Amino acid sequence: MVRHHSTPAVFERSVFGIGTLMLLACAVLETCASAYPDPSVPSPGPLISCDGPYRHLQHPLLLARLLFALVLGLLVPLPGTIVIVAGESLLILRLLMRDRDNAGADRCHRYRLAVPVLVPSIHPRFPVRGSGAEWGKAFRRAVSKWGFAASMIIFTLTLQDRIAEIGGAVSFFLWVALNMRSASTRA
């Protein structure tokens, strides 16, 4: 859309500006969701409380993935946008269906009834646990989204494709570097 244009259009800056805001929301959501334990992960005893975005939304990481796919769709031609958004939507739908199938009579029944699946509620829908957040782990996990957001801000201001490409590559390699140690300890 922007490539080979001599004068940047206001419409293009507006679209990429909205995409940048969506990417910032994605980064914040992924960081916050990664900082707190996921209530759907099996643990002993009944689920009586949870923390962070899980009080407003059952699957904040899936919503962050969908937002990220929509933003990536802005940076590729229309056929690529369709493939990215449709593919990610199908993956998220499959994960939600699997989660629903595994939800029969589990410890999260009250939680699943109270908290929305993908559209966040403004007010918390579940009691707070008060456990501490692991912000270091959360930022390591979401560093690529923050890097993409920074490069998207610069791209929106300059409308130069090379900046988005370099920013995306740097974000990816930074994520790999910061998460390599945790991946090797899990193996």
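As the structure is a computational prediction, the values presented were derived from the model and not from experiment. For the single chain, residues carry numbers from 1 onward in sequence order.
In this structure, the side chains of Leu113 and Arg110 stay at 4.5 Å or more apart for every pair of heavy atoms. Contact of the Gln160 side chain with the Ile163 side chain is registered, since non-hydrogen atoms from C-beta on lie closer than 4.5 Å. Counting heavy atoms from C-beta on, the side chains of Phe16 and Leu75 come closer than 4.5 Å. A heavy-atom distance below 4.5 Å is found between the side chains of Leu61 and Arg141. Looking at heavy atoms from C-beta onward, Leu67 lies out of side-chain contact with Val71 at the 4.5 angstrom threshold.
Scored by the side-chain contact (heavy atoms from CB on, under 4.5 Å) test, Leu118 finds His59, Leu62, Leu63, Ile92, Leu96 as partners (sequence neighbours excluded). In this view, Trp146 and Thr31 satisfy the side chain to side chain donor-acceptor pair (under 3.5 Å) rule, not counting sequence neighbours.
Screening residues 114-127 for salt bridge (charged side-chain N to carboxylate O under 4.0 Å, His left out), with sequence neighbours left out, gives no hits. Among residues at least two apart or in separate chains, there is no salt bridge (charged side-chain N to carboxylate O under 4.0 Å, His left out) pair with a member in residues 49-59. Listed by first and then second residue, the side chain to side chain donor-acceptor pair (under 3.5 Å) pairs that reach into residues 17-29 are Thr20-Thr156, sequence neighbours excluded. The side chain to side chain donor-acceptor pair (under 3.5 Å) analysis of residues 69-97, with sequence neighbours excluded, yields the pairs Arg65-Glu88.
Taking each heavy atom of Cys32 and Pro53 in turn, the nearest pair found is O-CD, 3.6 Å. What you find for Arg129 and Pro37 is that their closest heavy atoms are NH1-CG, 4.2 Å. Heavy atoms only, all atoms of each residue included: Gly147 and Ser171 are closest at C-OG, 2.9 Å. Looking at every heavy atom in both residues, Val119 comes nearest to Pro116 through O-CB, 3.1 Å.
We find the OG-CZ distance between Ser151 and Arg162 to be 13.5 Å, quoted to the nearest 0.5 Å. With rounding to the nearest 0.5 Å, the separation of OG in Ser34 from NZ in Lys145 is 9.0 Å. In this structure, OG1 in Thr158 is found 12.0 Å from CD1 in Ile153, a value given to the nearest 0.5 Å. Separating the CD1 atom in Ile84 from the CG atom in Leu74 is a distance of 10.0 Å, to the nearest 0.5 Å.
Although no hydrogens or angles enter the test, the distance criterion places no donor-acceptor pair under 3.5 Å between the side chain of Trp135 and the main chain of Ala35. For Ser144 (side chain) and Trp175 (main-chain N/O), no donor-acceptor pair under 3.5 Å exists by modelled atom type.
Under a hydrophobic clustering in which Ile, Leu, Val, Met, Phe, Trp and Tyr are joined whenever their side-chain heavy atoms come within less than 4.5 Å, directly or via other members, Leu93 and Val117 fall into different clusters. Linking Ile, Leu, Val, Met, Phe, Trp and Tyr residues whenever their side-chain heavy atoms come within less than 4.5 Å places Phe172 and Leu174 in a single cluster. Under the 4.5 Å side-chain heavy-atom criterion for Ile, Leu, Val, Met, Phe, Trp and Tyr, Phe139 and Leu24 are members of the same hydrophobic cluster. Val85 and Leu23 fall within the same hydrophobic cluster, defined by Ile, Leu, Val, Met, Phe, Trp and Tyr side-chain heavy atoms under 4.5 Å apart, directly or through other members. If you chain together hydrophobic residues whose side chains sit under 4.5 Å apart, Phe11 and Leu159 fall into the same group.
Under the 6.0 Å cut-off for aromatic ring centres, Phe126 and Tyr54 do not qualify, their centroids lying 6.0 Å or more apart. Aromatic rings from Phe68 and Phe148 are positioned such that their centres are separated by under 6.0 Å.
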Full working for side-chain contact (heavy atoms from CB on, under 4.5 Å) between Tyr36 and Cys50 | CA-CA 8 Å; Tyr36 294 99; Cys50 60; over 6 Å; no

Derivation and outcome, side-chain contact (heavy atoms from CB on, under 4.5 Å), residues Arg13 and Val10 = CA-CA 5 Å; Arg13 282 190 197 273; Val10 173; 5.8 Å; no

